[in-house]
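Order of listing sets the numbers, starting from 1, for every ligand and every atom in it.
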Amino acid sequence: MKAVIPAAGFGTRFLPLTKAQPKEMLPVVNKPTIQWVVEEAVDAGITDIAIITGDHKQAIEHHFKPMEKLEKVLEKAGKTEELKEIRKINEIANLEFIVQEEQKGLGHAILCAEDFVGNDSFAVLLGDTICTGNPNCTKGLVNLFYENEANIFSVEEISLEETKRYGVVLGKEVGKGIMLVKDLVEKPEPNDAPSLLGIQGRYVFTSDIFEYLKLTRDGADGEIQLTDAMKSLANTQLLYSWIFNGKRYDIGTMKDWFQSHLELSIESEFSLVLKGVMNKL
Ligand code: UTP
């Protein structure tokens with residue numbers, strides 16, 4: 001099992017913050033978002049990981065590469081804890097960085113990892129989304145993938161007002177929290193939504209998904225949508241959705257970014273004070 005983490009988008013919903021600062025490098029508590037995501041893959045037992053980046057997002061690669069100058073300074077100053085922490089990041093996994101030359105959507109970003117994945121199965125973790133829970137979302141999906149020998153992705157329960165922001169699942173319940181997917185409806189009006197289960201940002205596929213991605217035409221916006229490829233896949237292969245009951249934070253939104261700080265910070269005095277302030281707002 002390998003993992004692919006798309007992190008090459010322009011982050012237009014979060015401008016001007018994300019003009020030079022990659023959204024995936026925004027700090028959450030004490031580390032950048034992308035590190036939380038890589039750690040989720042590693043906790044799920046995956047060590048071969050490709051991060052899809054862009055020319056404008058070199059900070060992501062720098063974060064995981066050794067920085068000799070800094071290490072020497074820390075060594076000299078006897079800052080052994082800090083040095084250990086920094087070296088742990090350098091060795092976190094076998095990371096490969098693949099540049100997506102043009103930002104042509106999530107499906108296109110995943111296609112960039114075709115050679116890296118080869119014939120293996122692989123998890124996809126959106127680089128701007130943190131999931132917490134036990135087992136973590138990717139681990140839960142990987143276990144179910146092996147159990148059912150089929151493609152699977154996570155969903156969350158959404159409200160009627162939210163359907164317009166999600167890809168929504170049409171399917172048949174076959175187990176606790178598990179649906180056999182027949183179709184996916186992209187951003188439906190509340191009345192047209194086939195369920196209240198929205199796609200979340202974690203997936204496990206066989207390498208067959210690449211064939212469906214290649215058959216998927218660029219949409220009107222010039223992007224290759226992953227959901228379109230998944231719809232075609234569901235016509236010919238088993239595709240399951242699984243309700244993930246942990247927490248998900250879309251760091252590309254101000255609300256989730258702030259909330260992730262509060263909820264993921266350890267119960268320090270500072271976080272308790274902050275929570276008190278937020279509760280009053
Ligand atoms: P989003 O659609 O949330 O990110 O994609 P975006 O395109 O950067 O943001 P907006 O919509 O313009 O604000 C989810 C993940 O997929 C990556 C993004 O970097 C993000 O982590 N992505 C998106 C790519 O790698 N390539 C793309 O062409 C698009």
Candidate list Glu263, Gln259, His261, test side chain to side chain donor-acceptor pair (under 3.5 Å), partner Tyr249, passing option: Glu263
Among protein heavy atoms, which sits nearest to atom 28 (O) of ligand 1, and what does the distance come to when rounded to 0.1 Å? Gly105 N, 2.8 Å
Measure the distance from atom 5 (O) of ligand 1 to every protein heavy atom, then report the residue, atom name and distance (to 0.1 Å) of the closest one. Asp128 OD2, 4.4 Å
Output yes when the distance from some N or O of ligand 1 to some N or O of Gly11 is under 3.5 Å, and no in every other case. yes
Does any N or O atom in Ala8 lie less than 3.5 angstrom from one in ligand 1, N or O only? yes
Check this for me, if you would: do Arg87 and Glu91 make a salt bridge, where the nitrogen-to-carboxylate-oxygen distance has to be below 4.0 angstrom? no
With heavy-atom distances below 4.0 Å as the criterion, list the atoms of ligand 1 near Lys104. 28 (O)
Where does Ala7 meet ligand 1, judged by heavy-atom distances below 4.0 Å: at the side chain, the backbone, both, or neither? backbone
When every non-hydrogen atom of Asn151 is compared with those of Thr206, the smallest separation belongs to OD1-N, 2.9 Å
Can you name the atoms of ligand 1, numbered from 1 with element, that are less than 4.0 Å from a heavy atom of Gln103? 28 (O)
Counting only heavy atoms closer than 4.0 Å, does ligand 1 sit against the backbone of Ile52, its side chain, both, or neither? neither
Side-chain donor/acceptor of Asp250 to backbone N/O of Thr129, under 3.5 Å: no
Might you confirm whether atom NZ of Lys214 has over 12 heavy atoms from other residues, nucleotides or ligands at distances under 6.0 Å? yes
Just jot down the ligand 1 atoms closer than 4.0 angstrom to any heavy atom of Phe10, in number order. 8 (O)
Return the orientation label for the Tyr203 and Phe205 ring planes: parallel under 30°, perpendicular over 60°, tilted otherwise. parallel
Examine Gly9 against ligand 1 and note whether any of their N/O atoms are separated by less than 3.5 Å. yes
Phe210 and Phe122 aromatic centres sub-6.0 Å: yes
Which residue and non-hydrogen atom of the protein lie closest to atom 12 (O) of ligand 1, and at what distance in Å? Thr12 OG1, 2.5 Å
Could you tell me which atoms of ligand 1, counted from 1 in the order shown, lie closer than 4.0 angstrom to a heavy atom of Ala109? 24 (C), 25 (O), 26 (N)
Short N-O contact, Lys2 and Asp120, less than 4.0 angstrom: yes
Ligand 1 to Gly127, heavy atom cutoff 4.0 Å, flagged ligand atoms 21 (O)
Compare Glu24, Lys23, Arg13, Gln100 and give the one whose heavy atom is closest to atom 19 (O) of ligand 1. Glu24
Tested for side chain to side chain contact (heavy atoms under 4.5 Å, CB included) against His108, the lone hit among Gln100, Glu223, Glu101 is Gln100
Min side-chain heavy-atom separation Leu239-Leu180 under 4.5 Å: no
For the 3.5 Å polar cut-off, considering only N or O atoms, please tell me whether Pro6 and ligand 1 meet it. yes
